[in-house]
Amino acid sequence: MLSPHVPDLADLQMLTAVAKAGSLRLAAAELGVSQQALSQRVRALEGRIGFALLSRGPRGSHLTADGRLVEQWAARVLDAAAELDAGITALRSDRATHLKVAASLTVAAHLLPRWLVALRDQQRLSSVPATNVELEATNSVAVAESVERGTADVGFVEGPRAPLGLRSRTVARDELLLVVDPGHPWARRRSPVAAAELAATPLVTREAGSGTREALAAALADAVPGATPAEPVLELTGTASVKSAIAAGAGPGALSSLAVADDLTLGRLRAVPVTGVRLVRDLRAVWSGGAQPPRGPVRDLIALASRTR
């Protein structure tokens with residue numbers, strides 16, 4: 001910790017101005033203050049450090065030997081402060097023009113593109129430089145890890161609850177649909193599948209860490225307390241792989257309504273009604289730090305996502 005005798009940057013700038021001008025009068029004019037006010041500030045600085053910096057006389061004032069030494073040290077400190085200022089400015093500029101986003105696969109494929117278009121349009125209308133976005137599409141657990149490590153500025157996850165240690169905000173909602181291939185017996189079934197039956201049925205699922213898989217498990221655990229879920233018939237990485245396996249007849253599966261919309265329209269998959277379990281889930285933005293998202297493109301993107309649910 002620095003001692004109380006160390007001047008602040010404003011006092012050091014004042015001292016260097018006096019040294020460069022060669023007099024209090026000229027320095028005061030350069031700094032835009034009165035000579036009396038500048039003289040008082042110098043006296044206050046001398047009181048803080050404990051010795052005289054100026055030699056005052058009928059012909060004016062000039063730095064003492066100690067004052068010249070302090071001024072030389074001050075110049076080096078001010079140079080370092082200028083480097084710090086330039087570095088901070090560069091980082092703030094980089095954060096304003098470069099955004100690292102990590103998103104779950106469902107969000108990345110079906111929602112994030114239109115959010116990014118809205119961000120670009122907003123920046124163009126506001127004459128703000130366009131943000132260069134770097135995207136990492138992965139499962140929700142990996143998204144949270146990227147935000148915690150600082151390799152992503154903001155994340156979007158789809159699990160049943162917000163990741164521990166991160167701030168979050170619900171930006172959208174999604175529904176899981178139970179789907180089968182057209183030849184599956186459930187495709188012709190007239191009665192809904194009950195929660196207990198669904199829990200006991202081997203499903204084609206995403207990998208561990210997937211928000212879709214965790215959301216389904218949490219919903220069934222709430223609907224059928226104490227039930228032991230069946231082991232997956234297949235466990236695959238990525239929504240596309242799960243859809244292909246279901247369409248090929250591997251078994252039922254539960255996927256985002258966003259992910260299967262086209263497959264249902266084209267008849268590649270059939271949706272099966274479910275009863276006794278709530279399969280609506282929150283999609284969340286996550287970030288680290290304060291209660292509010294960081295200013296700039298992170299906050300703007302989250303606000304736009306919330307408005308375009």
Side-chain angles (χ1 to χ4, degrees), residues 1-2 8-10 80-174 208-215 218 256 258 281-309:
M1 182 178 294
L2 296 176
D8 58 29
L9 292 177
E83 291 180 5
L84 175 62
D85 186 26
I88 290 173
T89 300
L91 287 175
R92 287 174 60 86
S93 175
D94 180 67
R95 288 176 182 271
T97 58
H98 188 82
L99 181 63
K100 292 178 286 187
V101 179
S104 68
L105 295 176
T106 297
V107 174
H110 302 284
L111 295 174
L112 191 60
R114 74 168 182 250
W115 297 344
L116 294 177
V117 168
L119 177 64
R120 182 198 62 192
D121 291 345
Q122 176 177 284
Q123 291 174 335
R124 185 177 64 248
L125 291 174
S126 304
S127 298
V128 173
T131 298
N132 177 35
V133 178
E134 178 183 341
L135 173 62
E136 175 191 6
T138 183
N139 65 48
S140 293
V141 169
V143 168
E145 291 173 350
S146 292
V147 175
E148 288 173 350
R149 290 195 307 266
T151 56
D153 301 309
V154 62
F156 294 95
V157 297
E158 54 185 84
R161 60 189 65 84
L164 294 176
L166 294 177
R167 303 286 188 171
S168 69
R169 179 177 299 172
T170 298
V171 295
R173 286 187 170 84
D174 180 33
S210 157
T212 298
R213 178 170 173 168
E214 290 184 354
S256 163
L258 297 169
R281 59 180 179 166
D282 292 335
L283 306 179
R284 298 178 177 86
V286 295
W287 67 92
S288 62
Q292 295 298 319
R295 290 183 181 274
V298 169
R299 184 176 296 186
D300 293 343
L301 179 61
I302 292 174
L304 287 167
S306 300
R307 292 200 294 268
T308 55
R309 293 184 182 185

Inset, instruction - With sequence neighbours excluded, tell me which residues meet side chain to side chain donor-acceptor pair (under 3.5 Å) with Arg167. - result: none

Inset, instruction - Any pair with a residue in residues 116-138 that passes salt bridge (Lys or Arg N to Asp or Glu O under 4.0 Å), sequence neighbours left out, goes on the list, sorted by first then second residue, please. - result: Asp121-Arg124

Inset, instruction - First locate atom CG of Leu105, then atom CG of Leu112, and finally report the distance between them rounded to the nearest 0.5 Å. - result: 12.0 Å

Inset, instruction - Can you run down the ring pair (Phe, Tyr, Trp, His ring centres under 6.0 Å) pairs that involve residues 117-150, sequence neighbours left out, and say none if there aren't any? - result: none

Legend entry - The single option from Val143, Val147, Val101 passing side-chain contact (heavy atoms from CB on, under 4.5 Å) against Val154: Val101

Legend entry - Note, Glu214 side chain near Val141 side chain (heavy atom, < 4.5 Å): yes

Legend entry - Contacts of type side chain to side chain donor-acceptor pair (under 3.5 Å), residue Asp282, not counting sequence neighbours: Arg173

Legend entry - Contacts of Asp174 that satisfy side chain to side chain donor-acceptor pair (under 3.5 Å) - sequence neighbours left out: Ser256, Ser257, Arg281

Using distance only, find each side-chain donor-acceptor pair of residues 283-294 under 3.5 Å and give its atom names and separation, not counting sequence neighbours.
unit_1	atom_1	unit_2	atom_2	d
Arg284	NH1	Gly159	O	3.2
Trp287	NE1	Gly290	O	3.0
Trp287	NE1	Gln292	O	3.4
Gln292	OE1	Arg169	NH2	3.2

Inset, instruction - Quick one: list whatever passes side chain to side chain contact (heavy atoms under 4.5 Å, CB included) with Ala10, sequence neighbours left out. - result: Asp8, Arg41

Legend entry - Crowding at CG, Leu125 (>12 non-hydrogen neighbours, <6.0 Å): yes

Inset, instruction - Only pairs at least two apart or in different chains count here, so list each side chain to side chain donor-acceptor pair (under 3.5 Å) that has a residue in residues 99-109. - result: Ser104-Glu158, Thr106-Glu158

Legend entry - Partner set under side chain to side chain contact (heavy atoms under 4.5 Å, CB included) for Ala218, not counting sequence neighbours: Pro160, Arg161

Legend entry - Inter- and intrachain pairs under ring pair (Phe, Tyr, Trp, His ring centres under 6.0 Å), touching residues 141-170, at least two apart: Trp115-Phe156

Inset, instruction - Report the residues that fulfil side chain to side chain contact (heavy atoms under 4.5 Å, CB included) with Ala303, sequence neighbours left out, ordered by chain and then residue number. - result: Arg307

Legend entry - Set of side chain to side chain contact (heavy atoms under 4.5 Å, CB included) partners for Ala118, sequence neighbours left out: Leu304

